[in-house]
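One structure below.
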Amino acid sequence: MTVKNIGILCSGGDSPGMNCAIRAVVRTAISRGIQVTGIKRGYAGLLRGEFMQMNLSSVGNIIQRGGTILQTSRSPEFQKVEFRKKAVDILRAQHIDGLIIIGGDGSFNGAMALWKEHQFPVVGIPGTIDNDISNTEYTIGFNTAVQTAIEAVDRIRDTAHSHARTFLVEVMGRNSSAIALKVGVCTGAENILLPHDKVNHQKLVDDINRGIARGKESSIIIVAEGPVAGRSYDIQHVLKDMYHLDAHVAILGHIQRGGSPVADDRFIASQMGNMAVEALLGGNVPSVTVVQKGKVLMTDLANCTTKADHNYIEYSGLAETLSI
Ligand SMILES: Nc1ncnc2c1ncn2[C@@H]1O[C@H](COP(=O)(O)OP(=O)(O)O)[C@@H](O)[C@H]1O
Ligand SMILES: O=P(O)(O)OC[C@H]1O[C@](O)(COP(=O)(O)O)[C@@H](O)[C@@H]1O
Ligand SMILES: [Mg+2]
């Protein structure tokens, strides 16, 4: 089928660099004589028919902006087969021939369903700070989120040292270890608690006390968020009640999702946006842009519909060795 009009949407959590990908899609498509229809607020906006025609200037001056100009959403309705049928009817009525989805593993499952149930041509671009998608080394936004968290932890370290305190700093990432491990290594954290770790409070206290005994004036423990944000408070209470150790909690939260994308996010998103359009035009669907062995390339979308926590787990040994 000839593609004349490409739809584009963002879905799931926003991530820094999504705008760079949108810009690359729009500019590549227009340079190839193809129309681009922006779909606002993800799958929820698609179901409401929220469209905007994109032109060269609608993506001007956005390369440095965090978030997404198209906005995004989580849409429970889209999990249902009847709503995906409605979505495809809306896309076809709008004369959209193929869809580019910028999002995480959940969004890719929605895209895969559009293909399987209706053979609607889809191409994914991985955009999530969590870096938790199978078969890609990278997802757009991860390095910016990590940089933001590092800067926050460095500031907390100033206070931790000045008051000789222990801090539990909770980072985002749901069940993914990636942000916690990279931030932990880069801030010289004394300990990193991964999402599924059963916390060994005794070891934590022993480690902190060993540090104090050799003259350390502060301890930073990076806590990966896990399924429900706020687990740091549980750990804080056990440390206080059972070990009489006072620890302060800092939950970094959504501060990690916003902000201007760092160079890697701009560069990779620009390549991915460009490649996604070429894939749609070349009939390479359903597919997804990925990073493998450091290179941006295409793979089958089916390879990227599961969550993965593979990317950084290999660095837990490094973190432990360097934090003694
Ligand atoms: N199995 C699925 N089938 C259809 N749509 C899905 C599925 N999983 C997720 N989605 C859609 O993708 C949206 C975003 O998924 P979510 O997991 O919240 O974020 P992310 O894509 O960033 O991982 C969901 O709100 C839903 O609309
Ligand atoms: O902003 P929300 O909807 O509360 O979601 C928080 C979750 O979104 C994330 O920031 C990003 O997750 P997704 O990219 O999968 O949407 C997670 O790290 C965090 O657990
Ligand atoms: Mg996700």
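Both ligands and their constituent atoms are indexed starting at 1 by order of listing. Positions are given from 1 along the sequence. Note: hydrogens, waters and symmetry copies are ignored here, and every other heavy atom, side chains too, is used.
Taking a cutoff of 4.0 Å between a charged side-chain nitrogen and a carboxylate oxygen, Glu82 and Lys80 do not qualify as a salt bridge. The pair Glu190-Lys216 meets the salt-bridge criterion, since a charged nitrogen lies less than 4.0 angstrom from a carboxylate oxygen.
Every heavy atom of Gln256 sits 4.0 Å or more from the atoms of ligand 2. Residue contacts with ligand 2: Gly104 is excluded, as none of its non-hydrogen atoms falls under 4.0 Å.
Counting heavy atoms of neighbouring residues, nucleotides and ligands inside a 6.0 Å radius, atom CG of Leu322 exceeds 12 of them.
Looking at atom 4 (O) of ligand 2, its nearest protein heavy atom turns out to be His254 NE2, 3.6 Å. Regarding atom 2 (P) of ligand 2, its nearest protein heavy-atom neighbour is Arg74 NH2, 3.5 Å. Of all protein heavy atoms, the one closest to atom 19 (C) of ligand 2 is Glu225 OE1, 3.5 Å. At the top of the distance list for atom 10 (O) of ligand 2, counting protein heavy atoms only, stands Arg257 NH1, 2.8 Å. Here the heavy atom of the protein found nearest to atom 15 (O) of ligand 2 is Arg174 NH2, 3.4 Å. The shortest contact between atom 18 (O) of ligand 2 and any protein heavy atom is with Asp130 OD1, 2.7 Å.
Of all the atoms in ligand 2, the ones that sit under 4.0 Å from a non-hydrogen atom of Gly13 are 13 (P), 14 (O), 16 (O). Listed by number with element, the atoms of ligand 2 under 4.0 angstrom from any heavy atom of Thr128 are 13 (P), 14 (O), 15 (O). Atom numbering of ligand 2 starts at 1 in the shown order; those under 4.0 Å from a heavy atom of Gly173 are 18 (O). Interface of Ile129 with ligand 2, defined as ligand atoms under 4.0 Å from a residue heavy atom, comprises 10 (O).
With Arg266 contributing its side chain and Pro261 its backbone, the two residues share a donor-acceptor pair below 3.5 Å. Between the side chain of Thr28 and the backbone N or O of Val25, no donor-acceptor pair lies under 3.5 Å.
Inter-residue side-chain proximity for Gln271 and Thr289 is flagged as unmet; no heavy-atom pair is nearer than 4.5 Å. Considering only heavy atoms from C-beta on, Lys307 stays 4.5 Å or farther from Ile133 through its side chain.
With 3.5 Å as the limit, one finds no donor-acceptor pair spanning the side chains of Thr136 and Gln292. When only modelled atom types and interatomic distance are considered, Thr139 and Thr128 share no side-chain donor-acceptor pair under 3.5 Å.
The cluster map of Ile, Leu, Val, Met, Phe, Trp and Tyr, joined by side-chain heavy atoms under 4.5 Å apart, puts Val169 and Ile235 in different clusters. Connection of Ile192 to Val183 is established within a shared hydrophobic cluster, with ILVMFWY side chains joined at heavy-atom distances below 4.5 Å, either directly or through further cluster members.
Distance check for Asp105 against the Mg ion (ligand 3): an N/O/S atom falls below 2.8 Å.
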List the steps and the verdict of salt bridge (charged side-chain N to carboxylate O under 4.0 Å, His left out) for Asp206 and Arg210.
CA-CA 6 Å; Asp206 290 347; Arg210 205 180 50 250; over 6 Å; no

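Among protein residues, Ser11, Gly12, Gly13, Tyr43, Arg74, Ser75, Phe78, Gln79, Arg84, Gly104, Asp105, Gly106, Ser107, Asn109, Gly110 come within 4.0 Å of ligand 1, judged on heavy atoms.
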